[in-house]
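Structure first, then comments.
When a ligand or atom number is given, it counts from 1 through the structure's own listing order.
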Amino acid sequence: MIQVQNLTKRYGNQTVVDHISFEVREGEIFGMLGPNGAGKTTTMEMMEGLRDSDEGKIKIAGVDAKKQKKKLKQQIGMQLQSTSLFDYLTVRESIELYASFYPHSQTVEELLVAFDLVEKEKTWVKHLSGGQRQRLAIAIAVVHDPKVIFLDEPTTGLDPAARRSLWDIVLKLREEGRTIFLSTHYMEEAEILCDRIAIMDHGKILALDTPRELIRQLATTSRVEFPLIDRAYDEKFSTLAGVKKVVRLEKNLIQLHTDQLAETLQDLIPLANSYQFPLDGISTRTATLEDVFLEHTGKRLSQ
Ligand SMILES: Nc1ncnc2c1ncn2[C@@H]1O[C@H](COP(=O)(O)OP(=O)(O)OP(=O)(O)O)[C@@H](O)[C@H]1O
Ligand SMILES: [Mg+2]
């Protein structure tokens with residue numbers, strides 16, 4: 001549904017999107033995951049025809065996004081990172097206004113129901129909660145029934161309940177057969193929603209695959225973490241069964257990367273006993289996308 005080749009954007013001598021290429025399949029939720037300044041919004045706005053690119057090709061639903069901007073607009077819906085809505089219009093009036101821009105649109109009633117805004121139809125935009133506002137922004141983005149929808153950090157700043165309700169909406173949009181391209185810096189969101197994810201940092205795509213495959217490709221599948229101020233044993237940890245890597249994290253946290261969790265723990269406990277260091281606060285877990293990000297960039301994706 002989307003083909004991007006060699007897409008590049010420069011500001012002065014800084015390359016903020018650096019020759020990226022990827023494809024998005026019809027009906028999938030494709031996520032772009034990266035920290036602040038990675039180049040997500042710039043990429044999306046070039047795809048949406050809102051910013052000019054310096055190099056590269058973009059094709060969306062058969063339309064050349066650089067040359068056929070008018071045609072592109074009919075195919076795509078977009079919720080921008082800072083959608084401007086009119087404070088003194090009601091929810092219903094806002095949807096009606098945007099619907100009036102298009103010859104064919106979904107009915108206001110359909111949209112109010114689909115986006116759980118029926119109770120708020122007469123409320124001014126100004127008085128909506130963050131989650132309701134975001135639902136309205138997406139309702140407006142799909143008013144003309146587009147095939148492809150762009151959502152730029154749709155849940156940033158929302159509380160967990162509002163975030164979950166928005167996830168349901170995004171999943172529903174996919175059920176309707178739409179293709180969704182979203183950006184996020186929430187790992188959990190990417191893992192739950194996205195069929196495939198591109199991990200982006202400094203304008204480059206560092207990895208691209210399904211969440212499960214990205215995690216599977218990590219060198220080790222499990223993590224053991226515990227706080228330990230004393231650094232005297234760090235070298236010993238790398239000799240424990242299964243341990244491939246020992247990492248010092250913030251707050252004196254030590255992290256062991258292992259493929260054999262049980263064996264590592266069986267070795268660790270006698271070591272702690274003989275050297276008399278505490279294992280209070282120890283935790284074990286399976287690797288997540290956070291670990292994928294850490295492996296590719298050397299840093300955590302702070303939330
Ligand atoms: N109009 C502009 N002029 C100069 N530099 C810009 C412009 N727009 C973006 N940049 C720079 O491009 C880089 C990428 O910005 P972009 O907004 O695409 O990042 P992002 O991944 O969307 O970040 P965030 O998660 O904060 O939204 C940043 O370093 C930013 O400062
Ligand atoms: Mg952005």
Aromatic plane relationship, F226 with F277 - under 30° parallel, 30 to 60° tilted, over 60° perpendicular: parallel
Aromatic ring pairing F30/F181, orientation class (parallel under 30°, perpendicular over 60°, tilted between):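 Rings of F30 and F181: parallel, as their planes differ by under 30°.
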Check for me whether [X] has a heavy atom closer than 4.0 Å to any atom of ligand 1.
X	answer
M44	no
E153	yes
S183	no

Heteroatom N/O/S of T41 within less than 2.8 Å of the Mg ion (ligand 2):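 Yes, since at least one N, O or S atom of T41 sits under 2.8 Å from the Mg ion (ligand 2).
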Sub-4.0 Å protein heavy atom near atom 25 (O) of ligand 1: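 It does: a protein heavy atom is found less than 4.0 Å away from atom 25 (O) of ligand 1.
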For atom 5 (N) of ligand 1, the protein heavy atom that lies nearest, with its residue and separation: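 Closest protein heavy atom to atom 5 (N) of ligand 1: Y11 CD1, 3.3 Å.
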Distance from atom 14 (C) of ligand 1 to nearest protein heavy atom, with residue and atom: G37 O, 3.4 Å
Exceeds 12 heavy-atom contacts within 6.0 angstrom, atom OH of Y233: yes
Heteroatom distance test ([X], ligand 1): nitrogen or oxygen, under 3.5 angstrom:
X	value
T42	yes
A38	yes
V16	no

Locate the shortest heavy-atom distance separating [X] from [Y]; write the atom from each residue and the value.
X	Y	answer
L214	A207	CD2-CB, 3.7 Å
T179	E26	OG1-CA, 3.5 Å
E23	E28	O-OE2, 4.2 Å

R163 side, atom CZ; E188 side, atom CD - distance, nearest 0.5 Å: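 Reported value, rounded in 0.5 Å steps: 7.5 Å.
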